[in-house]
Amino acid sequence: MSGYPYPNDEFDTELDDSHALGIHHAQRSTWSKVWPFLVVIVVCAALAAALVTWFTLQGRPGSAGTTPPATTAAPSVTPTESSEPTSADSTTTDEASDEPTTEEPTTEEPTTEAPTTEAPTTPELDRSTPIRVLNATRTQGLAATRVSTLKGAGWTNVVGDNFPASSNAPATSSVWYRSVDLEDEAKQIAKDLGLANVTLVESLRGDVSVILVG
């Protein structure tokens, strides 16, 4: 080898093809590379065939690994000659029908009715009660005005006059009535005239008198 500065040693000696060159071995043949794989494939195929055969034998009926399902015979039914119930059945039916049936009691809720409030009855007034309207003032025509007011309210027997000078007039305008049975009429007359004072005077000459005081 030209230009190689070192002397040749044992690794630089040329050898034939059967020896390794340098530190490398001789190239292996194709068969030596393939046959291990073929052995592995053959062994795997044999194991697979053995497993398939074993599982097939386990699944067959009668084999040690399987137990055949038990067959259940269908019960035989013998039809009866008549569908009519026997005496025992009829007796049982009669006894069952004689048993009293218990019904659940029904609870009815009491109905609460609202109390009815009756309107107060208005007493029947005698609109024909004699009424005297007496003017105890110096205003002319005052009694006639009040007479018209009462007639407009439905009173039919109303007259106007002056209050007697000899009698004592009340302090305020008032309605006098002679008896208790005229109290309702007297109160209504006072209401129609807008008066508040209603007095029972048993010595009154007429039934009801209205005294107008200024």
Side-chain angles (χ1 to χ4, degrees), residues 74-75 77-214:
V77 179
T78 304
T80 58
E81 295 180 357
S82 175
S83 59
E84 295 181 357
T86 60
S87 59
D89 296 336
S90 60
T91 304
T92 305
T93 306
D94 294 339
E95 290 178 356
S97 61
D98 292 340
E99 292 181 359
T101 58
T102 303
E103 296 181 357
E104 296 182 357
T106 57
T107 56
E108 296 182 358
E109 297 182 358
T111 57
T112 304
E113 296 182 358
T116 57
T117 304
E118 296 182 357
T121 57
T122 303
E124 190 68 23
L125 300 177
D126 184 6
R127 296 282 178 174
S128 62
T129 301
I131 303 171
R132 296 174 63 203
V133 179
L134 304 176
N135 185 7
T137 67
R138 295 181 180 180
T139 304
Q140 298 293 329
L142 182 60
T145 303
R146 298 297 185 268
V147 169
S148 298
T149 302
L150 291 176
K151 287 183 177 181
W155 303 97
T156 58
N157 191 1
V158 186
V159 295
D161 199 355
N162 291 324
F163 188 78
S166 59
S167 300
N168 295 324
T172 59
S173 298
S174 304
V175 176
W176 290 354
Y177 60 99
R178 187 176 59 182
S179 60
V180 178
D181 57 343
L182 297 172
E183 182 179 1
D184 294 333
E185 283 78 4
K187 289 181 178 180
Q188 186 60 44
I189 292 169
K191 183 178 180 181
D192 293 339
L193 295 175
L195 304 178
N197 190 11
V198 181
T199 306
L200 173 64
V201 180
E202 295 181 351
S203 60
L204 189 65
R205 186 176 62 179
D207 290 338
V208 178
S209 294
V210 178
I211 297 92
L212 302 176
V213 179

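Worth knowing before you read on, the calculation uses all heavy atoms, side chains too, and leaves out hydrogens, waters and symmetry mates. The model shown is predicted, which means the values in this text are computed figures rather than measured ones. In what follows, residues are counted from 1 in the order of the sequence shown.
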Over all atoms of both residues, closest heavy-atom pair of Phe163 and Asn168:
CZ-O, 3.7 Å
Thr139 side chain to Thr137 main-chain N or O, any donor-acceptor pair under 3.5 Å?
no
Close side-chain approach of Leu182 to Asp126, heavy-atom, < 4.5 Å
no
Without swapping roles, check the side chain of Arg127 against the backbone of Asn157 for a donor-acceptor pair under 3.5 Å.
no
So, Asp192 versus Gln188: side-chain donor-acceptor pair below 3.5 Å or not?
yes
Of all heavy-atom pairs linking Ala186 and Val175, the shortest is O-CG1, 3.8 Å
Nearest heavy atoms of Pro170 and Val213, plus distance in Å:
O-CG2, 3.4 Å
A side-chain contact here means heavy atoms from C-beta on lying under 4.5 Å apart; do Val208 and Arg132 qualify?
no
Which heavy atom in Leu204 sits nearest to a heavy atom in Asp207, and how many Å separate them?
CD2-O, 3.8 Å
Measure across Leu200 and Arg178 and return the closest heavy-atom pair with its distance rounded to 0.1 Å.
CD1-O, 3.5 Å
Passes side-chain contact (heavy atoms from CB on, under 4.5 Å), Tyr177 versus Lys187? Steps please.
CA-CA 9 Å; Tyr177 60 99; Lys187 289 181 178 180; 5.9 Å; no
Could you go through Val210 and Leu134, starting from their C-alpha distance and side-chain angles, then the distance that decides it, and tell me whether this counts as side-chain contact (heavy atoms from CB on, under 4.5 Å)?
CA-CA 6 Å; Val210 178; Leu134 304 176; over 6 Å; no
Can you tell me how far apart CD1 (Ile211) and CG (Leu195) are? Round to the nearest 0.5 Å.
10.0 Å
Within the 4.5 Å heavy-atom criterion, are Leu212 and Val133 side-chain neighbours or not?
yes
Test log, rule side-chain contact (heavy atoms from CB on, under 4.5 Å), inputs Ile131 and Ile189:
CA-CA 9 Å; Ile131 303 171; Ile189 292 169; 3.3 Å; yes
side-chain contact (heavy atoms from CB on, under 4.5 Å) evaluation trace for Leu125 with Asp184
CA-CA 7 Å; Leu125 300 177; Asp184 294 333; 3.7 Å; yes
Rounded to the nearest 0.5 Å, how far apart are NZ of Lys151 and OG1 of Thr156?
9.0 Å
Looking only at heavy atoms, the pair that brings Asn197 and Ser173 closest together is CB-O, 3.9 Å
